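Worksheet: the structure to be examined is printed underneath.
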Amino acid sequence: MDRRKFMQQAGQGAFLFAVPSLLQSCGSKKRPNILYIMADDHGYQAISCYNGKLNQTPNIDRLAKDGVRFENSFCTNSICAPSRAVMLTGKFSHINGQIDNRVTFDGSQQTFPKLLRKAGYQTAIIGKWHLKSSPTGFDYWHILPGQGHYYNPEFIEMGERKKHTGYVTDLITDFSLDWLDNRDQKKPFCLLLHHKASHRNWMPDAKHLSMYDDVEIPMPETFFDDYATRSEAAKTQEMEIGKYMYLAYDLKVPPVQPPEKDSPREKTGRKYWQMIYGRLNKEQKKAWDAEYGPKNKKFRQAHLHGKELAKWKFQRYIKDYLRCIASLDENIGRVLDYLDEHGLAENTIVVYTSDQGFYLGEHGWFDKRFMYEESLRMPLIFRYPKEIKPVVDENDMVQNVDFAPTFLDYAGVKIPADMQGRSLRPVLAGRTPDDWRKAIYYHYFEYPAVHMVKRHYGVRTKRYKLIHYYYDIDAWELYDLQQDPHELNNIYDNPKYASVVKELKEELQKLREKYKDTDVTRFLPKKSVAVNHKAEGCKVTLKHAYAAKYSGGGANALTDGVQAPGNLTTFNDNPVWQGFEQVDLDAVIDLKKEMEINQVATGFLQEIGSWIFLPPVVEYSVSQDGTHFTSIGRVKNEVPMKNPRTLKRNFKLSVKNVRAGYLRVHAKNIGICPSWHPGAGGKAWLFADEVVVR
Ligand code: SGN
Ligand code: CA
């Protein structure tokens, strides 16, 4: 044996000896289990221990009674996938890359579950995931595809897709308890238990459908807000309950008129409604019809309009929302009971939170996104009897970027220097460091998009909040939360607050530098470009229709002289990509006259998280008469199908001595998502634009 080999083996031996003694030296300090429970869109207003006046949540309260409940807990970007990515990485959105719900999470990066697993923890994620790429860093994963469904949902268990009968909140809890039962008892565990509830469209469990029937839920005082002092951003959002909720899909009042009479909005609402109602089995439908049927009849007979209609919509919305919370709370009770019964309560850190807050009628809204209090604040409770004394923390400002370092700290794992959050462990122990943050930083990116909340970033201190809206607007808002807790009075231009504005702008700049978010331009949508080419304006005949949702602006989008950019962020203001669901793109272009062709190129998009794949092959053929085509060549895809990035490729073919009156482009669609993909078995998309002929 040579010296180097000997040293290596001796080294390993030493390591093997070191491990047990290391564990022993910790003595009774068994590493804690971590049970992280996160709801979706659960606003603190709907939790009774948060002084919520709307409902009772005895089980969440039970957790709070024995733990620390934070009053000043905030997200960094109030939307689902970004919040989840921040929690996993301990980094802000602009660093971890998950700026909005549209991009795909880069699962190859460092996350706290990966680090815990490396340190000997058994890790699992059960429930909503929503990060598009498959989970990494978990011994076990059992997730909902995309948003998932409330009733009889499909789940993907370690890559295998299966439909289950039942209600989603119960099922997620069942799977979690099963996993706890079958886990490796020799290792500490870290379980991320992520509920779908209480996300839109708020479908309660059948047993809760008549809850709150005889009461009227108090409306927030800002329900009829007129946004008088606010910027355009607050005025142009599409979150108003009165205006933007679908009667059928959101409020469960299916249309009675014949479909021909539907307005375009009603058409969409009806389609969504048919889809979700269609998932219920016979028994479930019976229960739903029995509950909603008579109530809907009364509603129709009342012929409500204007404010009265908005008030009715609020009641239906909030009651369904709270019914979903009832089931959430009961199921949290089941998990807490399990911990008690198995002697796990003492040594398990239990967290309850939501991916962000939610509007329950404040400002007339539902949804989230804005930096205003209701969606910025997250409910947050930590229970760990071994180390944490029960208290309500009204002082310390904490953020979801702190969760990853906190868990690592408790597990005795070194916190990587590139994590941007800070461990809450001393704060939870009642020893808040002197240099703890006095201001939080926020940045929201998803615009233009559903709900049309403009891009903004800002800073919040204990007393003030300064927001800057940008991109297609340049507007500032300032609120004095002490004087104006409902944020109705934007005082940015009030000269009395000039010095406050100045200080806050300095603070904001400091935070942007500290967190490395000084360049907003790199996340702005790319623009489509105009191109001149020989087939511009030519008629396109498709063998298989494009999907109406992604029309690319109409039938001739492939030759309209506008070339789609390398992403999807051009929203309804600028639809350029043409999408084909499961079918091939098979297009004949009438070139109007015989011409010489030297090159043809068609742009295709890959964004696997949105189930959009590049075609495996594109074949080009030409014809003189439009009926008999001869192939001029094929272009094969060279990008790996698993590449998680959003990317555009031009499938380009150069030819010589080709004359033609018609060009045929045939691009293969892969058909269905492959087995390794989170959408396994679902229909795959092909996105094309533009066919350039030179
Ligand atoms: C869906 C909802 C939106 C919601 C987003 C994001 N519409 O698009 O209301 O804001 O999800 O929610 S729906 O018609 O599909 O219900 S998130 O929780 O994933 O961020
Ligand atoms: Ca085009």
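Please read these numbers as outputs of a predicted model, since none were measured by experiment.
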For this session: Flag the pair Glu238 / Lys243 as yes when at least one side-chain heavy-atom distance between them is below 4.5 Å, and no otherwise.
Result: no

Problem set entry | Pro220 versus Phe314, closest heavy-atom pair with distance | CD-CZ, 3.7 Å

Problem set entry | Sub-6.0 Å ring centroid separation between Phe175 and Phe155 | yes

Problem set entry | Distance (rounded to the nearest 0.5 Å) between His42 NE2 and Ile37 CD1 | 12.5 Å

For this session: Not counting sequence neighbours, which residues clear salt bridge (charged side-chain N to carboxylate O under 4.0 Å, His left out) with Lys454? List them please.
Result: Asp472

For this session: For the residue pair Phe92 and Tyr441, categorise the inter-ring angle as parallel (less than 30°), tilted (30 to 60°) or perpendicular (more than 60°).
Result: tilted

Exercise. Considering residues at least two apart in sequence or located in another chain, which fulfil the salt bridge (charged side-chain N to carboxylate O under 4.0 Å, His left out) criterion with Arg230?
Worked result: Asp225

Exercise. Are Asp41 and Arg200 close enough for a salt bridge, meaning some N to O gap below 4.0 Å?
Worked result: no

Problem set entry | Validation row, ring centre Tyr471 to ring centre His456 under 6.0 Å | no

Exercise. Under the salt bridge (Lys or Arg N to Asp or Glu O under 4.0 Å) criterion, do Asp435 and Arg422 qualify, and how do the steps go?
Worked result: CA-CA 11 Å; Asp435 63 347; Arg422 251 181 112 170; 2.9 Å; yes

Exercise. Less than 6.0 Å separating the ring centroids of Phe366 and His451?
Worked result: yes

For this session: Could you tell me whether a side-chain N or O of Lys114 sits under 3.5 Å from a main-chain N or O of Phe138, the two making a donor and an acceptor?
Result: no

For this session: Determine whether more than 12 heavy atoms belonging to other residues, nucleotides or ligands lie under 6.0 Å from atom CD of Gln56.
Result: no

For this session: Scan Trp129, Tyr36, Tyr352 and name whichever one has a ring-ring contact (aromatic ring centres under 6.0 Å, His included) with His194.
Result: Tyr36

Exercise. If you take all heavy atoms of Leu336 and Arg383, which pair is closest and at what distance?
Worked result: CD2-NH2, 4.2 Å

Problem set entry | Within 45° cone and under 6.0 Å: Lys505 NZ/CZ vs Trp476 ring | yes

Seminar exercise, completed: Between Arg369 and the options Gln356, Gln237, Glu446, the side chain to side chain donor-acceptor pair (under 3.5 Å) test singles out Glu446

For this session: With sequence neighbours left out, write down each residue that passes ring-ring contact (aromatic ring centres under 6.0 Å, His included) with Trp141, or none if nothing qualifies.
Result: none

Problem set entry | Gln399 side chain to Gly421 backbone, donor-acceptor under 3.5 Å | no

Exercise. Centres of the Tyr167 and Tyr151 rings: under 6.0 Å?
Worked result: yes

Problem set entry | Lys252/Asp320 ion pair, N-O < 4.0 Å | yes

Problem set entry | For Asp517, salt bridge (charged side-chain N to carboxylate O under 4.0 Å, His left out) partners two or more places apart | none

Problem set entry | salt_bridge(Glu387, Arg425) N-O dist < 4.0 Å | yes

Problem set entry | Working for salt bridge (Lys or Arg N to Asp or Glu O under 4.0 Å), residues Arg84 and Asp355 | CA-CA 7 Å; Arg84 287 158 206 269; Asp355 54 350; 3.3 Å; yes

Problem set entry | Residue that, paired with Trp365, satisfies ring-ring contact (aromatic ring centres under 6.0 Å, His included) out of Phe224, Tyr317, Tyr359, Phe223 | Tyr359

Problem set entry | Pairwise distance CG(Asp174) to CH2(Trp179) - rounded to 0.5 angstrom | 16.0 Å

For this session: For Thr173 and Ile332, indicate whether the former's side chain and the latter's backbone hold a donor-acceptor pair under 3.5 Å.
Result: no

Problem set entry | Any donor-acceptor N/O pair, Ser93 side chain to Ile99 backbone, under 3.5 Å | no

Problem set entry | Distance (rounded to the nearest 0.5 Å) between Thr111 OG1 and Leu131 CG | 10.5 Å

Exercise. Are Tyr272 and Tyr246 near enough that their ring centres are under 6.0 Å apart?
Worked result: yes

Problem set entry | Atom pair CG (Asp329) and OG1 (Thr57), whose distance is rounded to the nearest 0.5 Å | 5.0 Å

Exercise. Hey, what do you get for OH (Tyr372) to CG (Leu481), rounding to the nearest 0.5 Å?
Worked result: 12.0 Å

For this session: Flag the pair Arg455 and Asp100 as a salt bridge only when some basic side-chain nitrogen lies within less than 4.0 angstrom of an acidic carboxylate oxygen.
Result: no

Exercise. Can you say whether the rings of Tyr44 and Tyr50 are parallel (under 30°), tilted (30 to 60°) or perpendicular (over 60°)?
Worked result: tilted

Exercise. For Val427 and Pro433, which heavy atoms make the closest approach, and how far apart are they?
Worked result: CG2-CD, 4.2 Å

For this session: List for me each residue that meets salt bridge (charged side-chain N to carboxylate O under 4.0 Å, His left out) alongside Glu71, sequence neighbours excluded, and say none if there are none.
Result: Arg69, Arg377

Exercise. Can Arg437 and Asp402 be said to form a salt bridge (Lys or Arg N to Asp or Glu O under 4.0 Å), step by step?
Worked result: CA-CA 11 Å; Arg437 69 168 75 84; Asp402 300 325; 2.8 Å; yes

Problem set entry | Basic-acidic side-chain contact under 4.0 Å: Lys196, Asp40 | no

Exercise. Tyr457: what forms a ring-ring contact (aromatic ring centres under 6.0 Å, His included) with it, not counting sequence neighbours?
Worked result: His443, His468, Tyr470

Exercise. Going by an N to O cut-off under 4.0 Å, is there a salt bridge joining Glu373 and Arg460?
Worked result: yes

Exercise. Distance from Cys49 atom SG to Arg62 atom CZ, nearest 0.5 Å?
Worked result: 13.0 Å

